Structure formats: structure tokens, C-alpha cells
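A quick note: this is a predicted structure, and the numbers were derived from the prediction, not measured. Letters go in sequence order (proteins before strands), and every chain restarts at 1.
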Protein chains: 2
Amino acid sequence: MDVTQALLLLKEKGYKHTGKREQMLQLFSDQKRYIAAKDVLEAMQGDYPGLSFDTIYRNLSTFVDLGILEMTELDGEKKFRFSCSVGEHHHHIICLTCGKTKHIHLCPMDQLGDSADFKIVGHKFEIYGYCSECINE
Amino acid sequence: MDVTQALLLLKEKGYKHTGKREQMLQLFSDQKRYIAAKDVLEAMQGDYPGLSFDTIYRNLSTFVDLGILEMTELDGEKKFRFSCSVGEHHHHIICLTCGKTKHIHLCPMDQLGDSADFKIVGHKFEIYGYCSECINE
DNA sequence: CTTGCTGCAAACTGTTTGCATCAAT
DNA sequence: ATTGATGCAAACAGTTTGCAGCAAG
């Protein structure tokens, strides 16, 4: 999902085009990372000094609703992180320092037989580590 | 880990034996579920009407430090859940209604080769569903 | 000019902490 | 008598909401 495509989708759904939204989308498109709301805010405060968390949260949540972004909580973290959504089912290795991700095409659910006593509705598989840039710190 | 064993460990480490701690441990030992702090509190307020969240949280965190309980955050939930810890590495199917768990002895990390560009330090694999008792609601 | 977007302030949830008191050893 | 355990109140982080004004269509 690139920025132009996302903006088109927004327009289609009756959302307005604002500079803040575009720049948020640009940020996620440039950075293939899981980014927390706070970091989105900080990245944008250069261009939008008065920008508030409210706007960040409202837009992030809009983007997730539209399928533009995906949202996760790293194990133990008490905050959400967001990154560009890609269509096909996949999992991630996530850098605990910078949020950079790498896709994993192995899904453990493929090898798991049906469970007699549970109706399965979802799963979470994430791998945590440090990327080559963050490991020397 | 049963209650007597856990109490022994507490004593060993210089922690005191209180009725509240014993009953908390009993609760987790009886119920093989992931329980949230709030539900622990509610389950105990019958016997300890003045019981506060502070005590619950402090004791839960002590138990986790000692390896008596394990802690997780279900995907999307903004709260921690706790359950009896077992030694060997494993994963869970977790009922989204009652927190009941079933152990999974498949670990996807076994099939994952080393990643050249990430130093892996942890992972999370959880399966969410509804148990046979909760499915009809 | 209409409707959605935004900032402000306030509320909310789950969790943590300082302090004085109480209870287990 | 010591030292840890507890309740209270307050603080904290991340997130959400009502409202009035602003800006994009």
C-alpha cells in the first residue's frame, strides 16, 4: 500500500485530504517499521509544531479501520505499534530497539491440527530481536 | 507448581506467609486459566472485603519474579493476565472468554532457521479461541 | 457553507509508587 | 522488635472522548 493509493482510498470513503494525514502515511511508507504513536508524533512535530496526540490517534485508528495500517502490541509493551499493512497472511521478526520488521512466511497454524475442545479464531506469532543496526549499543 | 511448594519458595526468599498470598496461589492452582488482576481481586473479595489492587499487583509481580506465575498480554488487550507457570517451554491456546488454556507442544521457532540480520531474543506464539464451555454464548 | 478535522481539556483504564500503619516472624 | 505486607491516595502512561472552532470539499 503506497501513499497515493491510501489517499485515494481515504477520498473514496469520504475522508478529507490533509497535510498531516499525508505525512503520516508517508512516514509509514518510508519506514518499514512498527512505530508507536509517540514516535509518529515526534517525527511530525518538525513540520507541525502544534500537532496533538489526539490527531495522531484518530488518524492511526482510521488507517487501521481502512486496512492501510496494521497494529500490534509487542509482548510486555503497554502501547500499540503501527506499520504498513500487506495483504497476505504473514508474521514478523521485530527489532526491539527501532521497530524494524522482517516478514516471516512460516505460519505455525499450518502445522497445527484442529483442536477438539477449542474453536480457534485467531493467533499471534511474533519474533523479537535486534536488527544489525541496533545490535551494537 | 502447587501451593505448598510455592509457599515454601516464598519463605525461602524471605517473603512472609499471609492468608491473601496463600489464597491467591490457591486460586491459580485451582483454575488453570489466564486471569486478569481485576478478576483475581473479585475472586478474593468474598474473603477479604477490603482487599486492594495494590496488594494484588504487588503479589502478582512477586510471584512472576519467583517464577511461580507467568504473565502475558492477549493480542489487543490492554491488560496483563497471569497463570501458573510450568517449567518447560510451551505455548497456549487461550479462551478469549474465560481465559482457560491448553498447552501446545509445537514451537514454531524449531522450524525457523537463523536469521542473518536479526539477533533473536524472544518470541510470542499464542492461539486465541473459545473453549467448549464458552462457545455457546 | 457544510462536513469532516483538529486542539484543548478532561476522562478513562490498567498499573505503579510513597507513605504511614499493621501484622508475621 | 524487626521487617515485610497492606491500604490509601496519588501519580503515571497510553489511549479515548466531548466540545467548539477551523479548514477542506
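Using a 4.0 Å heavy-atom cutoff across all strands shown, A:Ala36 reaches no nucleic acid atom at all. Residue contacts for A:Arg58: at a heavy-atom cut-off of 4.0 Å it reaches a base atom on one of the strands shown.
Nucleotide C:dG14 holds its P atom 12 Å from the CZ atom of A:Phe80, rounded to whole Å. Nucleotide C:dT6 holds its P atom 13 Å from the CD atom of A:Glu22, rounded to whole Å. If you take CD of B:Glu73 and P of D:dG14, they are 13 Å apart, rounded to a whole angstrom. Rounded to a whole Å, the CZ atom of B:Arg81 is 11 Å from the P atom of C:dG14. A straight line from CZ of B:Phe82 to C1' of C:dT15 spans 9 Å, rounded to a whole angstrom. Atoms OH (A:Tyr15) and C1' (C:dC5) sit 12 Å apart, rounded to a whole Å. For A:Lys79 and C:dT15, the NZ to P distance is 17 Å, given to the nearest whole Å. Rounded to whole angstrom, the span from the CG atom of B:Asn59 across to the C1' atom of C:dT17 amounts to 15 Å.
Listed pair A:Thr18 / C:dT6 meets the phosphate criterion, a side-chain N or O lying under 4.0 Å from OP1 or OP2. Side-chain N/O atoms of B:Tyr57 include one lying less than 4.0 angstrom from OP1 or OP2 on C:dT15. Between B:Lys20 and the phosphate of D:dG7, there is a side-chain N or O to OP1/OP2 separation shorter than 4.0 Å. Put simply, A:Thr55 has a side-chain N or O that comes within less than 4.0 Å of OP1 or OP2 on C:dG7.
Relative orientation of the B:Phe82 and B:Phe28 rings is perpendicular, given thresholds of 30° and 60° on the angle between their planes.
Between the side chain of A:His91 and the backbone N or O of A:Phe125 there is at least one donor-acceptor pair closer than 3.5 Å.
For B:Lys16, the listed nucleotide lying nearest its side chain is D:dT3; candidates were C:dT6, D:dT15, D:dT3.
Summary of the strand contacts: B:Asp54 and B:Lys78 both lie near DNA chain D, and taking for each the nucleotide with the nearest heavy atom, the more 5' one is attributed to B:Asp54.
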